[in-house]
Structures are given as structure tokens and as C-alpha cells.
Amino acid sequence: MWTVLRLPGFSRVHRDAQASHSAKQYHGLRNQGSTCYLNTVLQCLYMTKDFRTAVQSFKQGPQDSNQGNAGLLLQLQNLFGELNKVNATTEGITESLSINNVYEQQDAVEYYQRILKQIVPQVSQVFEGKLSNNSKCPDGHIHQEKCPFITIPLAIDTGHDKIYNVKEGLEAFFQPSQLDEDNWLYCDQCDQKTETETWNEIEEFPTVLTLHLKRFDFDYMQMRHVKNHCPMEIPPTLQLKDYEYDLYAVVNHSGDRNGGHYNAAIKSFEDNQWYCFDDSSVTKYSVDALQKSRLAYLLMYRQTAPSRRNFALQKLLKSTALRRMTSALHNRFIIAGVVITCLVIVTWRMFRLRFPKS
């Protein structure tokens, strides 16, 4: 018997007999009409270990009722419980998100952010980092604004037939740039608008780093949004300063802005196998299909460990601290020994003075 992998743009056929017996059995989500965008996002969240654990262990308190955000979280809790056993439905989720028309296609990234912002922070914090937006005038006055972020948007500035390198795009996001004169910012110290240099920095690194590949852009010639179908060079690992990240989920989109289809390729944290989650269908997936992908729209990376450079530095610091601690303990023992010796001598002399030999 043959099983056809339902991934738009790729034709991959697998034999059921070749499937690994140790593979985890996952379940799909029924499409209510055009809710593939929501199904895809929910499967990515479900397959994120820390988030799934936080959702399943959530217990509603009085403060959650006051915030009005517990309803969606409880629906997620019910959904994750169903996904552990059978193919599930998302009626409770669409109701909590006030999605009235399930036959209208929506943007997956928009609902990814919407879900995470609507639930309680202690559950969604695994996805959240802190970004610093900096600006500087020619006199060196720096203005800094810190704000939380869930996704990092990467502008695609390459042609439809040229390869876009995700790693280079991420590096470009953090490069300084000069604003045009029409966009100069006001400097409080200079008391006027001045030439402005801007750049971004990550102040707090998230556990899950999410990159939004902005394939849709507004074309002023055609006066409409168009999609860039260029192939992507997607790195399996990323290093940002002292942090390393491994790719574990990719949201794919086929079609254009007016219509299309979403699914997700996700690496399981339970058996380290890749799967394609396509509404009700869940099948084994070959990660080779991500090479030069024209469908990748959202990338999710999980923080694995500090980089080797940082690990070596931490090891050196720990070693130095251990030596200092050992030296300090040694000195304390010496001092304690001296003090005890002095006390013994003083006590002995006082004893001799009080009870002299007859």
C-alpha cells in the first residue's frame, strides 16, 4: 500500500511498510472550511514541548478570570488532550478567537501572534524575547526603546528566481541603517530632527526563536499585494551571540494572498522524526524537502545550548571561581586554626593562674 505525502510543491511517496515502528503516532485537525492557517499554527504550538507542558499544567485562578484570557487557554488545554488520542476539531478555538467566517482564508503569522498574545504570559513566555530599537544622531546621542517580540520579520529583497539566504537576511535585520531625510527622528538633546542611524539588538533571547519570512509585499506598480515565490536557503542551525538554535518547525504556504493552503513540517521532540501536519493528515516527512523551499513562510528554532565559545568561557569562569573558593576556604581554615590555638593557650594560662601548683 502506498501513502502520498500531501505537501504542495513536492511529490514524495512512502511505503507504509518502511515506516519506523518506533515512530510516534500523531493526529490531525479537521478543516472547518478554510482554517488550514489555524490548524497549522496549533500543530506548531502543540509540538513545542515547553508550551505543551505549560498548557496542560495550567490551572485557572481568580486573576486569570479577571484578565479574560483563560477561555482560549482552556480550549487549548482541551484540544491538546484530544490530540493525544484522536483527530480533533477546532470549533472551541475559533469561537474563543471570534472567528466568525471559517471559509475565509487568514494569515497564519497573524494568528500565531494573536494566540500567544491573548493567553497568560507565564504560558506563552517561551516564545517571547525582548528587542531594543536604537537610534543615534550625528552627535552620538542614543535613544533606546525596549519592546517584547514574538516574531522577527525578515524582508525578502531578492528576485523570484534568486535564492534568498535566511541567515544573511537575519544578519541584515541587525545591521545599522541610515534613515532618509523625510524619516529623520527628533533628538531631544539636539532639540531638532537630525540625521538618524537606527539598528536593532536582542536584549533577551527567547527559548523559541520565530522568523517571519515576509513573502507578501505591496507592489505599487500593480497596486496590490504580491507574493515572492523565491527559493529559500534555510539553515538547520543558527547562532545568535552566545546562543544556538535548531530548526524544528516550518510553516509552508502555497498559492497567493487571495487563496492558498497552509501546512507544517515539524520535527518531533519525542522521537526526533520529521512529520508533515496537513489538516487531518499527518505523515512522515523528509527534511531534504526544505532545501531551496519556495513554500517556507515561518521558521521556528528551539534554543539548544550556549555556544561552544560561551561554554568555554563559562567553564573558565567556573574553574576560576572554584579556585578562588578553594583558596578562600583554605585561608579560613588557617585562620580558624590560629584562633583555636590562641584560645587553647589563653584558656590554659587562665587555668594555671587560677589553680597554681601547690
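I142 and L179 sit in two unconnected hydrophobic clusters of ILVMFWY residues. Membership requires side-chain heavy atoms under 4.5 Å apart, directly or through other members. By the criterion of side-chain heavy atoms lying less than 4.5 angstrom apart, applied directly or through intervening Ile, Leu, Val, Met, Phe, Trp or Tyr residues, L240 is grouped together with L131 in one hydrophobic cluster. Cluster membership for F149 and W199, using ILVMFWY side-chain heavy atoms within less than 4.5 angstrom, is not shared.
Here F216 pairs with H253, Y297 under the ring pair (Phe, Tyr, Trp, His ring centres under 6.0 Å) rule; sequence neighbours left out. For E171, there are no salt bridge (charged side-chain N to carboxylate O under 4.0 Å, His left out) partners, not counting sequence neighbours. Take F269 and apply the side-chain contact (heavy atoms from CB on, under 4.5 Å) test, not counting sequence neighbours, and it matches K49, R52, R302.
Of the candidates E204, E145, Q144, S132 forms a side-chain hydrogen bond (donor to acceptor under 3.5 Å, both in side chains) with just one, namely Q144. Each of I156, I163, L295, V250 was evaluated against M232; a single residue qualifies, I156, per the side chain to side chain contact (heavy atoms under 4.5 Å, CB included) test. No option in L79, L38, T35 other than L79 meets the side chain to side chain contact (heavy atoms under 4.5 Å, CB included) test with L29. Only one option out of T40, N39, N252 pairs with N263 in a side-chain hydrogen bond (donor to acceptor under 3.5 Å, both in side chains); it is N252.
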Derivation of the side chain to side chain contact (heavy atoms under 4.5 Å, CB included) call for L116 and L45: CA-CA 9 Å; L116 294 176; L45 296 177; 4.0 Å; yes
Go through it in stages, so that I can follow the logic: the residues are S281 and D278, the test is side chain to side chain donor-acceptor pair (under 3.5 Å), and I'd like the CA-CA distance, side-chain angles, deciding distance and then a yes or no. CA-CA 5 Å; S281 172; D278 192 349; 5.9 Å; no
Apply the test side chain to side chain contact (heavy atoms under 4.5 Å, CB included) to residues S268 and M47: give CA-CA distance (whole Å), side-chain angles for both, the deciding distance (0.1 Å), then the verdict. CA-CA 7 Å; S268 168; M47 295 296 287; 3.8 Å; yes
Go through Y46 and F80 one step at a time and tell me if the ring pair (Phe, Tyr, Trp, His ring centres under 6.0 Å) criterion holds. CA-CA 7 Å; Y46 174 74; F80 287 4; 5.2 Å; yes
Assess the residue pair W274 and K284 against the criterion (side chain to side chain contact (heavy atoms under 4.5 Å, CB included)); give the C-alpha distance rounded to whole Å, side-chain angles, the decisive distance to 0.1 Å, and a yes or no. CA-CA 6 Å; W274 282 84; K284 294 291 291 294; over 6 Å; no
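S98 contributes no side-chain N or O that, together with a main-chain N or O of T94, makes up a donor-acceptor pair within less than 3.5 Å. With hydrogens and angles disregarded, a donor-acceptor distance shorter than 3.5 Å links the side chain of Q77 to the backbone of F58. Without hydrogens or angle criteria, T90 side chain to A88 main chain gives no donor-acceptor distance under 3.5 Å. No donor-acceptor distance shorter than 3.5 angstrom exists from the side chain of D180 to the backbone of D182, with no hydrogens or angles considered. Without hydrogens or angle criteria, D288 side chain to Q291 main chain gives no donor-acceptor distance under 3.5 Å. For the pair Q105 (side chain) and G260 (backbone), a donor-acceptor distance under 3.5 Å is present.
The aromatic ring centres of Y243 and F205 sit less than 6.0 Å apart. Aromatic ring centres of F127 and F51: separated by under 6.0 Å.
A salt bridge links K292 with E233; the closest basic N to acidic carboxylate O contact falls under 4.0 Å.
Sparse packing is recorded around CD of E95, with 12 or fewer heavy atoms of other residues, nucleotides or ligands lying under 6.0 Å away.
Residues S34 and E104 bring no donor and acceptor atom of their side chains to less than 3.5 Å of each other. Judged by distance alone, the side chains of Y245 and Q303 do bring a donor and an acceptor atom under 3.5 Å apart.
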